[in-house]
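Reading through the structure tokens given below for one structure.
Note that the structure is predicted; figures quoted are calculated from it, not measured.
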Amino acid sequence: MMAENAVKVRAAALCMALFVFMTSCYAAPSDFFVDIDASHTEKAPRPQDDFYLSVNYEWIKDTPLAAGQASKNMFSSLEEKTGGILGRITTAATLEPKRNADFARIAALYACVNDDRGRERAGFGELAEIFAGIEACSTPQEYAETMGALMGEYQFADWFGGFAVERDRFDGSRCIPVWGVPQPGLGREFMSDSGNREKIELYRKYIKSLLVLYGRSEAEAEEAAEGILSIQRTMAELQEPLEKRNNPSGIERGNIDYLSSLYTNIDIRPVLEAAGIGEASGVAAFDIREPELICCADSFMEQGNLQVMKDYAIVRIIFAFDRELTPEIRDMADEFSAAVDETRRCLNPYERAEYSQRQTERLLPELYGRQYAALTYDEETKREILSFAEEMKEIYRKRVEAADWLSMATKKYAKEKLDRLAVRIGAPEKWAEYADSFEIERPAEGGVLIDNVLSLYRVRATAHKDQLLRPFDASEWGFLPQTVNAFYRPCTNEIIIPSAMLQAPFYDKNADRTDNLGGIGMILAHEISHSFDGIGAQFDADGVQRSWWTEEDRAAYKERIDSIAAFYGRYVAEDGMRTNGEQTLAENIADLGGISVVTEMVGDDKEALRRLYVKIAKCWRAKAGSSAWRRMAAGTHPFQYVRINGAMSSAEGFCRAFDVRPGDGMYVPPEERVRLW
């Protein structure tokens with residue numbers, strides 16, 4: 001995906017020694033040093049020395065972060081614009097709830113969100129009965145079956161397992177349950193970062209506070225928090241690295257017998273039956289994620305751990321609904337987020353109203369999506385972007401044909417995959433029918449927020465399980481037009497660009513072609529490249545996972561992507577944070593391909609190319625606090641600074657347009673430049 005909030009800065013080569021001294025960052029001479037917040041640069045550098053800072057220096061220096069604001073970038077700008085449209089939908093729904101069924105449901109839930117007295121009276125609402133069922137379990141097996149029933153009814157996931165419904169990777173005509181352990185608590189990347197120790201301690205205290213509110217004594221809550229964190233640490237250590245976790249090649253296909261073999265302390269069969277995905281439901285096969293982690297979770301399923309298992313389940317469920325419960329729990333969640341994630345805490349009445357609006361949007365995304373699409377659909381914009389896509393696919397076809405490291409058979413099929421690549425712009429052609437089944441009671445009718453939300457969960461859970469009973473229908477796998485992001489979906493071989501991305505600075509129907517190619521064009525070209533990255537290349541033109549590369553092709557491919565990973569691994573920030581070239585590999589490949597393609601579309605005119613590159617750099621500028629940078633470093637995207645300077649320094653067109661020469665900070669010797677397509 002394109003949207004990530006991250007930045008590193010490459011300093012000019014002439015001041016590298018001074019920069020190293022100032023930051024006490026000791027690294028190999030070949031490393032590229034980055035000034036993460038421009039604090040070590042007195043004025044905007046030349047484009048040839050540091051392109052990202054040259055374009056964005058004044059913006060970074062002059063753009064303040066509001067109190068508690070984690071970061072700011074062009075995606076957050078789009079989110080603000082999109083939020084304004086969604087806010088108008090909320091206002092219209094509250095003023096005219098009878099205009100249509102979507103408005104009636106939005107108005108009803110919004111009233112419940114704002115009904116603090118009702119939330120206080122409701123307490124845990126229907127969750128109280130769920131918690132009572134968990135508390136009543138007397139054995140690990142009984143506990144597992146109880147949690148299995150909750151998985152089926154609400155799509156809850158427990159720490160020992162859970163499931164999603166996805167298209168069958170090997171048989172695209174159907175869907176299949178994917179079983180695996182959800183991310184264990186804070187996860188591997190967060191837990192392993194020594195800079196997060198204080199936040200992990202805050203997390204432990206937060207768990208304890210929630211359990212005390214739930215009804216545990218101080219001593220019981222303290223013991224439970226320690227036990228929960230201990231389990232999470234153990235599981236986080238065994239969790240696969242992010243780059244492997246997202247790779248379908250690591251998913252195992254197995255039947256119920258195989259899945260049962262992973263659990264030695266419980267019988268998983270009745271758990272699956274309780275969830276509605278057992279043999280009685282006609283399910284014969286599963287995709288299984290991280291079997292080693294499943295075995296680790298199973299090792300805790302012993303009688304002596306029963307109480308901590310119950311506490312863990314209760315805490316996970318409260319976490320999932322902390323914003324929908326009592327005002328006290330909601331405010332505790334806000335305080336915790338503000339301390340750990342720098343999330344803005346809403347305190348005054350105006351902020352609380354905006355907070356309630358955002359919460360309603362989050363709980364009813366399907367309904368807001370339909371209304372947002374009706375307000376923003378533009379056929380002319382869609383046609384222009386589809387024309388961009390056809391040009392780009394033709395360029396990629398030529399690149400594939402010219403790749404001397406690919407066999408003829410692989411080239412032929414790669415071009416067929418491009419021919420059949422679908423590009424979906426704006427909004428889905430078909431809306432999820434289950435959204436019409438939502439039933440929401442207003443406070444005046446006795447409705448309370450938590451019970452209404454659980455009702456929504458039940459409807460969605462039923463709809464998702466129903467997909468197992470009928471042939472796969474790609475039109476049912478929609479997307480939300482209000483999403484500020486774009487992505488390639490390998491299981492259907494399609495690119496999604498929602499309506500929310502079709503706003504300035506990424507797209508302006510009144511702007512010229514070069515300007516739009518530097519915005520939405522770069523994003524589209526980036527996403528097309530994902531169809532041939534480490535994950536996309538595992539899927540064929542129909543979105544079925546199969547090997548269509550020769551072994552020789554794969555070896556040549558690996559040689560090239562290894563050099564890309566190594567190149568991006570040379571970027572180091574002043575505090576020692578280094579870009580993980582392996583973890584960010586897919587995005588770096590896509591950035592390199594995207595810049596190369598839009599460069600060809602603009603042509604050889606130096607002035608036009610300079611405008612193109614400046615626009616790209618502006619679209620990826622960002623500013624954030626140090627805590628936010630650390631969180632971003634754990635993701636699959638490099639910092640925005642690295643995205644721009646890394647890709648530009650390897651782009652022949654950039655070097656020509658700005659006359660980059662040896663000795664310039666952006667200069668990379670031709671033999672060290674990286675590119676796949």
Salt bridge check, [Y] against [X]: does any charged N sit closer than 4.0 Å to a carboxylate O?
| X | Y | result |
| --- | --- | --- |
| Glu391 | Arg513 | yes |
| Lys509 | Asp378 | yes |
| Lys61 | Glu58 | no |
| Arg399 | Glu394 | no |
| Glu361 | Arg358 | yes |
| Glu240 | Arg289 | no |
| Asp287 | Arg169 | yes |
| Glu189 | Arg245 | yes |
| Glu429 | Arg424 | yes |

Sub-4.5 Å side-chain heavy-atom contact between Pro177 and Leu468: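 Answer yes - side chains close enough.
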Can the ring centres of [X] and [Y] be said to be less than 6.0 Å apart?
| X | Y | value |
| --- | --- | --- |
| Phe51 | Phe654 | yes |
| Phe32 | Phe567 | yes |
| Phe506 | Phe75 | yes |
| Tyr52 | Trp620 | no |
| Tyr396 | Trp677 | no |

Lys244 atom NZ, neighbour heavy-atom count above 12 within 6.0 Å: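 Count not over threshold, so no.
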Within 6.0 angstrom of Glu433 CD, more than 12 heavy atoms from elsewhere: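 Not more than 12 within 6.0 Å, no.
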Modelled atom types, side-chain donor and acceptor of Asn580 and Tyr568, under 3.5 Å: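 No.
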Would you confirm whether [X], through its side chain, and [Y], through its main-chain N or O, come within 3.5 Å as a donor-acceptor pair?
| X | Y | result |
| --- | --- | --- |
| Lys393 | Leu421 | yes |
| Arg105 | Phe438 | yes |
| Ser337 | Asp334 | no |

With Arg420 via salt bridge (charged side-chain N to carboxylate O under 4.0 Å, His left out) - residues at least two apart: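 Arg420 satisfies salt bridge (charged side-chain N to carboxylate O under 4.0 Å, His left out) with Glu416, Asp542 only.
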Mutual orientation of the aromatic rings belonging to His526 and His530 [parallel < 30°, tilted 30-60°, perpendicular > 60°]: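 Perpendicular.
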